[in-house]
Amino acid sequence: MKLEKKKDIGTFFEKKLSDKKIAPNEQVWEKINYSWSREMNLRKRKLFYWIGGVGIFLAIGILLWLGNYKKPLQDSTNPPRKTVIIPMIEPMELEQNMAPFENKDVDSTITREGIEAISGTMRTEENLKKSINKDSINIIKNENGRSKQSEKQTHKENRDEFFSVTTKYYYYNAQDGKKIITSDKTLIDSLLSKTTHPLDSVNIAKKDSLPPLKKP
Amino acid sequence: MELTEKELIKQCIKNNRTAQNELFRRYKDVLYFTSLKYCRTEADAEDNLHDAFITIFKKIKTFKYTGSFEGWMKRITIYKAIDKYKAQKPISIEINNDILEEGVELEEEPEISLDQLLKFIQELPDQYRLVFNLYQLDGYSHKEVASLLKISESTSKSNYYRAKVILRDKVIRINQNLNQKIV
């Protein structure tokens, strides 16, 4: 059949092929089903790996943070310990009419020199303590490069916990053999004030009267 | 009771296997025919249909109910075919010929089956086939075709013309053979 008008080939194909359907092979759906199941499993696995990775990352971050958090505390609470040797000043030698020292290391006499020695020891110890404090401050200053008063105090307090510089007072009474080792200075002072030397005469007593103990 | 299109889409978003099966059952014929137009063989068309549905299931939640759902699925099917062509496309140098604006016409309308017409389209060179289908059968402009296939507009027009010439020659030849048989 001939057309009056020629038809464009493109239009001819368009007309013939519009709104047409062809059924595919039935196996196509099985393939799609199988592929989609694999896709879903892969997604679940990816999600699991992602969550695991985030969890590990967080755990590492927390551990690092805790490590850094603890480190400065340790540095402040555990300052480097130093052994301070407090030289003990040996008591002065006794006069002849006085009771000899029984133990130089531990005991002292009730003699004037002995008391002075004790006082000197006390003074020396306290001076040493002060000098230690100063040195420690300087050391800390040098270490940290900071010089704030509050930090000094904090360092001093922290230092005092570990630099256990204690002042001990030794008392020995040759007459009754009483020995006291204490850190309570007032006790020693009270004992010393009670103890008096026997006087030969009033004049001698006046001359030989002990001067009051000088407070350090 | 059959689900409406909207309900079907919602169920597919929830990954309901029954709904996905129903979606396949409703639209497989249309999309397979589209694949046959764009692919060289039936096997390629089945692969293209498979890839298209996987993509549809993945991206169904992005459908915003603007326009036809069938048109949206058709576009996915077409783009899948184009992507496959681009992956296999050899490097070619475009030669700008003068575009022949004259129409390619048939003197008589032959009686040719659907399968035969599809076969003629499938036998076209890849780029010609894509251009002819996109422009003539699916309503894309030459500018849109050029953009999709990464070619110039003039190349698209040239390819379209050459495709029509080839198809016309084939149709005439088959028509002559049919007439000779009748005689």
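Below, read A as the first sequence line, B as the second, and so on, with proteins coming before strands; counting in each chain starts at 1. As the structure is a computational prediction, the values presented were derived from the model and not from experiment.
- V28(A) places a side-chain heavy atom less than 4.5 Å from the side chain of F24(B).
- For N21(B), the parts sitting under 4.5 Å from any heavy atom of chain A are the backbone and the side chain alike.
- Separation of atoms NE2 (H50(B)) and CD1 (I32(A)) is listed at 6.0 Å; rounding is to 0.5 Å.
- Shown here is F48(A), whose CZ atom has no more than 12 heavy atoms of other residues, nucleotides or ligands within 6.0 Å.
- Looking at N33(A), the atoms closer than 4.5 Å to chain B (heavy atoms on both sides) sit in the backbone and in the side chain alike.
- Going from atom CE of M40(A) over to atom CZ of F57(B) covers 10.0 Å, rounded to the nearest 0.5 Å.
- Using a 4.5 Å heavy-atom cutoff, the side chains of R43(A) and K58(B) are in contact.
- With a 4.5 Å cut-off on non-hydrogen atoms, E39(A) touches chain B through its side chain but not through its backbone.
- Interface remark: V171(B) contributes side-chain atoms only to the contact with chain A (heavy atom separation under 4.5 Å).
- The heavy-atom pair separating A23(A) from D29(B) by the smallest distance is CA-OD1, 3.1 Å.
- Contact of F53(B) with chain A is made through the side chain alone, with heavy-atom distances under 4.5 Å.
- Between the CZ atom in R17(B) and the CH2 atom in W36(A) there is a gap of 8.5 Å [rounded to 0.5 Å].
- Looking at E42(B), there are no atoms closer than 4.5 Å to chain A (heavy atoms on both sides), in backbone or side chain.
- Between E14(A) and L137(B), the shortest heavy-atom distance links the atoms CA-CD2, 3.6 Å.
- There is no contact between Y135(B) and chain A, counting heavy-atom distances below 4.5 Å.
- In the displayed structure, K86(B) atom NZ is contacted under 6.0 Å by more than 12 heavy atoms of other residues, nucleotides or ligands.
- No side-chain heavy atom of V30(B) sits under 4.5 Å from any side-chain heavy atom of D19(A).
- Of all heavy-atom pairs between K164(B) and G10(A), the closest is CD-N, 4.0 Å.
- Within 6.0 Å of atom OH in Y79(B), more than 12 heavy atoms from other residues, nucleotides or ligands are found, so the atom counts as buried in its surroundings.
- Within a 6.0 Å sphere centred on NZ of K74(B), other residues, nucleotides and ligands contribute 12 heavy atoms or fewer.
- For F13(A), the parts lying near chain B are the backbone and the side chain together; criterion is any non-hydrogen pair under 4.5 Å.
- Looking at L36(B), only its side chain comes within 4.5 Å of chain A, counting heavy atoms on both sides.
- Of all heavy-atom pairs between I54(B) and S35(A), the closest is CD1-CB, 3.7 Å.
- Side-chain contact between L167(B) and F12(A) is absent, with no heavy atoms from C-beta onward closer than 4.5 Å.
- The structure places NZ of K21(A) at 11.0 Å from OG1 of T34(B), a figure rounded to the nearest 0.5 Å.
- For S37(A), the parts sitting under 4.5 Å from any heavy atom of chain B are the backbone and the side chain alike.
- Atom CG of L117(B) and atom NZ of K20(A) lie 9.5 Å apart (nearest 0.5 Å).
- Atom-to-atom distance recorded for L114(B):CG and I22(A):CD1 is 5.0 Å, nearest 0.5 angstrom.
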